**Q** 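Sharing a structure with you now.
Counting begins at 1 with the first residue of the sequence. Each ligand, and each atom within it, is numbered from 1 in the order the structure gives. Since this is a predicted model, take the numbers as computed values, not measurements.
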Amino acid sequence: MKFNFQFKEYSPKTEEVYGTILTLGNGHIGIRGEIELEPTVYGTTVAGIYDYAPYFYREIVNAPRVIGLGMMFNGEPLNLSTHKLLKYERELDIEDGTLKTWIELETNKGARVSYESLRIVHGKRKNVVVLKFKFKADKKGLLTLINPIDVDVANPSYRPEILVKHCYAEELDFGEDFIYAGVKTIDGKYTLGIASSLITDKEANRSVVKSVKGIAEVLSIEVEADRVYEFVKYIVISSERDSALKDETLKELGEVKELGFEKLFAEHREYWSEIWKKAKVEIEGDEEAEKGLNFSLFHLIQSLPRDNNISLTARGIHGFGYRGHVFWDTEIYALPFFIAVFPEDAKRMLMYRYRNLEAAKENAKLNGYKGAQFPWESADDGYEATPPLVPLDMAGREVVRIYTGEEEHHITADIAYTVDLYYKFTNDEDFMAKYGLEIIFETARFWASRVEFDEKKGYVIKKVIGPDEYHEHVDNSFFTNLMAKHNLLLGVAYYKKALNKGGYWKKTVDRVKVTEEEVLKWREIAEKMYLPPQVDGVFEEFDGYFALQDYTVDPHGIGEARLPEEIRKKIGKTRLIKQADVIAAQYLLKDQFDIDTIKRNFDYYIVRTTHASSLSMPAYSIVASWLGYGDLAYEYFMKCAYIDLKNLYGNTHDGFHLATAGGVWQTLFRGFCGIDITEDGISINPHLPSKWKAVKFGFSFRGRWLEIRVTPKEVIVKSDEGKEVIKLSIAGKEVSLRPNEKIVVPL
Ligand code: BGC
């Protein structure tokens with residue numbers, strides 16, 4: 001695989017978009033792709049570092065900018081916009097995880113200078129960032145290099161003009177070969193140790209400048225004409241909460257400098273090569289699809305935190321979008337990829353939810369419910385982080401009221417759904433017995449307290465927001481009620497399983513104090529859970545939806561901008577929906593519907609969906625595949641695979657659309673390859689796009705690594721070693737896959 005993505009256009013506007021799509025990260029640190037030579041508001045993202053923020057409760061901190069580099073040649077600052085730009089080229093290599101830059105300038109004084117750099121955010125050493133660069137000029141003269149740790153950073157608030165400062169330097173220090181900043185968040189909860197060093201093998205004059213902006217080392221070098229000079233900038237950012245933070249950070253800086261660039265780079269390449277051995281998807285006959293899909297996976301993988309202090313956020317380590325909060329995007333759209341390909345990593349993200357179970361219980365209590373209610377938006381502490389209102393103007397006079405935090409309750413069932421999915425894929429007994437069960441029981445408890453009994457309808461759930469966020473305060477959202485019912489039934493099934501298994505499973509039942517009586521009630525509620533009725537096979541999205549003004553849209557368009565203003569203004573009073581809702585339920589709980597019902601619902605809702613949320617098209621694409629709507633499935637898949645490369649939603653600068661990235665993989669797995677994990681095995685029913693000659697990828701199933709290749713004519717599945725036989729159902733044929741075996745099933 002050789003996937004390079006080149007970009008050659010320079011302007012402040014494109015830089016903002018490149019900032020996101022050229023982001024490098026290792027789950028712990030995120031460095032956006034803006035060029036190091038120009039100033040930008042974007043500093044560094046350190047996963048899990050949050051601070052209190054007006055309106056947004058807690059937000060990811062824009063930590064000090066470390067990648068910046070100041071350059072002056074013969075007294076002229078080398079900024080891109082103030083000289084004649086002869087060459088601007090950037091290249092992201094997703095195979096190696098590198099960002100390369102080539103710049104050539106003709107300065108106002110007439111010197112021709114070239115600059116070339118290679119950036120890595122180290123894959124194996126989570127605290128390490130390295131920038132290697134070269135400089136050449138066609139005249140001799142004085143080159144001045146400024147290597148700063150810029151602590152003068154802040155987060156743009158509800159308007160970009162309003163900046164909120166989240167950290168300050170407690171200590172600025174330097175030695176012969178380092179600069180150091182000890183940085184604390186304003187609320188005092190987190191500390192960062194940041195050290196850097198700029199190395200050159202030429203004789204240089206070094207001085208250090210401290211100011212309110214931070215600390216910088218300045219190197220001055222007399223350079224000869226037409227000679228290439230090489231430099232390496234090492235950075236270590238540590239967030240370990242330990243009293244010896246400074247010593248540890250400087251020690252690590254010493255170690256990486258000692259190792260040197262080449263060895264660090266070799267380690268980094270090895271890291272990515274190991275990742276791609278598992279994650280790579282090969283598509284024969286469609287290079288564009290292959291590139292877009294692997295590009296999405298690259299950004300998804302880079303964003304996955306290294307510990308369970310935080311989970312995967314909506315816009316990753318790539319930007320400030322959604323304030324670094326965690327949504328249902330993670331469990332429903334992004335995690336299935338990790339569950340299948342990197343199950344240990346997926347487990348950590350579920351452990352983040354487990355770690356916040358107490359906060360979820362408090363949340364339920366505060367709202368008058370029992371059990372655990374997970375927040376719609378979650379930050380580092382697991383409490384509700386959705387802003388109840390956001391101002392629109394500078395003075396804060398005009399505000400938008402946001403109800404999702406109060407009403408979008410389905411996230412609680414979504415998390416339980418994914419805990420079960422993880423177990424189905426992995427058979428991870430230990431996780432399930434100790435943590436997963438408790439999540440399922442406490443969430444079932446929540447729903448049992450959330451429902452109300454209606455004499456005519458049975459159990460109802462009032463005043464919610466479903467995935468379609470255009471309609472607020474609705475009763476009996478199809479998605480919410482169905483997922484709640486599923487959550488209750490999971491509670492019943494896992495309770496029985498736990499009693500059968502005994503041991504740790506039973507201990508958890510006792511510890512969580514789940515009783516037979518309680519479980520019987522869960523079953524009764526699930527059985528009598530009200531679901532909005534069907535009209536011509538179509539489920540009403542919520543009570544009263546069919547009575548709203550009808551309006552249809554072209555299924556090939558995206559967003560609300562295409563709607564007439566009068567419709568946009570009263571969108572909640574129409575049948576238009578923001579994203580897959582009834583269809584999202586059918587994609588998650590496919591087994592509960594026959595294909596004719598799915599088709600009727602799809603045909604109805606697809607022309608009433610604006611896709612204003614980037615989560616919409618993946619779900620529709622998957623279901624379109626099942627229904628044989630191949631062209632539409634492929635069109636949505638390609639839009640999703642290029643969502644940020646083409647800045648399709650116009651907001652790529654806010655960060656990468658990670659739910660969509662995970663959705664792209666699910667489109668391949670569940671849609672095109674038609675793979676479902678069942679109680680006793682795997683079922684495969686492919687619907688490949690017509691262009692595709694073959695697709696090949698791997699995934700892990702209950703401790704075994706499987707490689708699958710699908711062509712229009714056959715399905716080949718290969719297993720590594722293991723013990724048990726895996727039952728497969730391929731296009732309706734039942735087959736058994738033994739360890740170290742390869743089977744070929746014609747289609
Ligand atoms: C979508 C939600 C999503 C959130 C974060 C919203 O626009 O409607 O479903 O969770 O964005 O991505």
**Q** Could you tell me if the side chain of T480 sits less than 4.5 Å from the side chain of W447, heavy atoms only?
**A**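 Yes, at least one pair of side-chain atoms sits under 4.5 Å.
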**Q** Should the pair E442-R445 be classified as a salt bridge under the 4.0 Å nitrogen-to-oxygen rule?
**A**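 Salt bridge flag = yes for R445 with E442.
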**Q** Can you check whether E16's main-chain N or O pairs, donor with acceptor, with R32's side chain at less than 3.5 Å?
**A**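 Yes, because the side chain of R32 sits within donor-acceptor range (under 3.5 Å) of the backbone of E16.
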**Q** Indicate yes or no: does R608 engage D550 in a salt bridge with an N to O separation below 4.0 Å.
**A**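 Judged by the 4.0 Å cut-off on N to carboxylate O distance, R608 and D550 do form a salt bridge.
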**Q** Can you list every protein residue that has a heavy atom under 4.0 Å from any atom of ligand 1, sorted by chain and residue number?
**A** Y322, F327, W328, D329, W376, E469, K578, Q579, S613, L615
**Q** With under 30° as parallel and over 60° as perpendicular, where do the rings of H471 and F542 fit, or are they tilted in between?
**A** tilted
**Q** K590: which residues meet the side chain to side chain donor-acceptor pair (under 3.5 Å) condition with it, sequence neighbours left out?
**A**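 Testing K590 for side chain to side chain donor-acceptor pair (under 3.5 Å), a comparison that skips the adjacent residues, returns D676.
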